[in-house]
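Just so you know, these numbers use all the heavy atoms, side chains as well, and skip hydrogens, waters and symmetry mates. Predicted model, so just to flag it, every value in this text is computed and none were measured. Residue numbers count from 1 along this sequence.
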Amino acid sequence: MTISILGAGSWSTAIANILAEKDDVLIYARDQRLTDSINSNHINCKYFPDIKLNEKIRATSDLKEIYENKYIINGIPTQNIRSVLEKSRDYLCSNHVIINLSKGLELNTHKRISEIFNDFNKDIKFAVLSGPSHAEEVIFKMPTTIVCACEDESLAKELQQLFVRDYFRVYSSQDVVGVELGGAIKNILAFGIGMSSGLGYGDNAKAALITRGIHEMNRFAKAFGANPKTINGLAGVGDLIVTATSKHSRNNRAGILVGQGLSIEELEKEIHMVVEGIPTTKAVYELAKEKNVELPITNEIYEVLFEGKDCDQSVKDLMNREIKSEY
């Protein structure tokens, strides 16, 4: 069997290396230099230049070839998915099983990734793989635990078997909405926690932001029918912890840089990777306004990123909100 992957980023590459232990993997990359590097040297020269990949991984820049296989794994960043699907419109069919790795909400439409795919074909089977899982650790086979969510319980269990390894444990779920929203909001909170560190605040502030952030995640996800247990599990709290505290987290690192005074344009040049928490902040902020969901931490991060608010003032405003019971 051959499994296709859209996108050749770090997480897509780590997943490809897992799957290639059992199956052939075809990975889509627009960059011809990257395609040649994977095919000729078995190296992703952009993300893992020092790591030899499994030789069962092959790269292509031909989208049509990707859709010749049943399992299509999506690793395209959220804001670019629609443009890639526009080019794939003639190839995406109801026989495909889409397994999503990306996180976030689409700007303008505020849609989850499952909803973006449904815009192009409502009959496809869709699953999402999420949880605390840095590619930089998975590529070295460090113990990792994630969740695979699909509304079809039998398919969720089928995909569970596809990915599970002795170092990569996969739980099944049917709560696609909860897993998608947890993976989106945790990036916003990780950014805010990084911003706190950039301002020079300590562990007390970090713990407060994590704890109240979980409360905020639950409130937002509940408004869309998600199961609270999902948010309190791997796709919510688990992913938040790793994204908010790890040296591998680009969202946390971006927040640190903003706290230190860098602009969005400056930090993107510094990081050289997509910081999904930034557009997701805007999408979640606007969606929460539509749904009348109170998200004080997200609101402050939005005002810093998109309205030029001073970071220190945001912290003061959060600390001086009306006092009330914790629950």
What's the verdict on side-chain contact (heavy atoms from CB on, under 4.5 Å) for Phe120 and Arg82, showing C-alpha distance, side-chain angles and the deciding distance? CA-CA 9 Å; Phe120 290 86; Arg82 190 173 294 275; 3.9 Å; yes
Under 3.5 Å, side chain of [X] to main-chain N/O of [Y], donor-acceptor pair present?
X	Y	answer
Ser12	Gly7	yes
His110	Glu286	no
Thr78	Leu105	no
Ser133	Gly131	yes
Ser37	Arg33	no
Lys52	Asn41	yes
Arg219	Glu294	yes

So which heavy atom on [X] is nearest to which on [Y], and how close?
X	Y	result
Gly104	Ile113	O-CG1, 4.1 Å
Leu189	Gly213	CD1-O, 3.4 Å
Leu53	Asn44	CD1-N, 3.8 Å
Leu101	Leu129	CD2-CD2, 3.8 Å
Cys150	Val176	CA-CG2, 3.7 Å
Leu107	Gln79	N-OE1, 3.0 Å

Within a radius of less than 6.0 Å around [atom1] of [X], do more than 12 heavy atoms belonging to other residues, nucleotides or ligands occur?
X	atom1	result
Glu303	CD	yes
Lys56	NZ	yes
Lys247	NZ	no
Tyr171	OH	no
Gln32	CD	yes

Rounded to the nearest 0.5 Å, what separates atom [atom1] in [X] from atom [atom2] in [Y]?
X	Y	atom1	atom2	value
Ile15	Ser10	CD1	OG	10.5 Å
Lys125	Lys70	NZ	NZ	7.5 Å
Thr144	Arg169	OG1	CZ	13.0 Å
Glu106	Ile116	CD	CD1	4.0 Å
Asn17	Phe48	CG	CZ	9.0 Å
Ile57	Ile43	CD1	CD1	12.0 Å

List for me each residue that meets side chain to side chain contact (heavy atoms under 4.5 Å, CB included) alongside His248, sequence neighbours excluded, and say none if there are none. His134, Glu136, Glu137, Ser246
Would you indicate whether the side-chain heavy atoms of [Y] and [X] approach each other to under 4.5 Å?
X	Y	answer
Asp119	Lys111	yes
Ser102	Asn74	yes
Ile72	Phe117	no
Phe224	Leu181	yes
Leu63	Val84	yes
Tyr67	Ser88	yes
Pro132	Thr145	no

Report the relative orientation of the aromatic rings in Trp11 and Phe168; use parallel for angles under 30°, tilted for 30 to 60°, perpendicular for over 60°. tilted
Is it true that the side chains of [X] and [Y] contain a donor and an acceptor less than 3.5 Å apart?
X	Y	answer
Asp317	Gln313	yes
Asn251	Ser249	no
Asn69	Ser4	yes

Establish whether [X] and [Y] are linked, either directly or via other cluster members, by ILVMFWY side-chain heavy-atom contacts under 4.5 Å.
X	Y	answer
Val242	Ile146	no
Phe126	Tyr91	yes
Val164	Leu234	no
Ile99	Ile124	no
Ile278	Met217	yes

Using 4.0 Å as the upper bound for N to carboxylate O, is an ion pair formed by Arg321 and Glu300? no
Would you call Lys157 and Glu153 a salt bridge, using N to O less than 4.0 angstrom? yes
Residue list, side-chain hydrogen bond (donor to acceptor under 3.5 Å, both in side chains) with Tyr71, at least two apart or on another chain: Glu158
From CA spacing to verdict: side-chain contact (heavy atoms from CB on, under 4.5 Å), Ser114, Asn100: CA-CA 8 Å; Ser114 58; Asn100 178 56; over 6 Å; no
For residues 18-29, run the donor-acceptor check on the side chains, cut-off 3.5 Å, and write out each pair with its distance to 0.1 Å, sequence neighbours left out.
| from | atom 1 | to | atom 2 | distance (Å) |
| --- | --- | --- | --- | --- |
| Glu21 | OE1 | Arg165 | NE | 3.1 |
| Glu21 | OE2 | Lys141 | NZ | 3.4 |
| Glu21 | OE2 | Tyr167 | OH | 2.7 |

Passing candidate, side-chain contact (heavy atoms from CB on, under 4.5 Å) with Lys229, options Asn232, Ile231, Asn227: Asn227
When Ile, Leu, Val, Met, Phe, Trp and Tyr are grouped by side-chain heavy atoms lying under 4.5 Å apart, directly or through other members, which residues fall in the same group as Ile256? none
Side-chain donor-acceptor distances from residues 197-209 under 3.5 Å, at least two apart:
| from | atom 1 | to | atom 2 | distance (Å) |
| --- | --- | --- | --- | --- |
| Ser197 | OG | Ile193 | O | 3.4 |
| Tyr201 | OH | Asp312 | OD1 | 2.8 |

Could you please spell out the steps behind the side-chain contact (heavy atoms from CB on, under 4.5 Å) verdict for Phe220 and Ile185? CA-CA 9 Å; Phe220 185 77; Ile185 305 169; 3.1 Å; yes
Working for side-chain contact (heavy atoms from CB on, under 4.5 Å), residues Leu295 and Tyr285: CA-CA 8 Å; Leu295 303 178; Tyr285 172 85; over 6 Å; no
Can you list the residues that meet the salt bridge (Lys or Arg N to Asp or Glu O under 4.0 Å) rule with Glu86, with sequence neighbours excluded? Arg89
Any chance you could lay out the salt bridge (charged side-chain N to carboxylate O under 4.0 Å, His left out) test for Arg212 and Glu216, step after step, and finish with the verdict? CA-CA 6 Å; Arg212 296 308 299 172; Glu216 203 159 291; over 6 Å; no
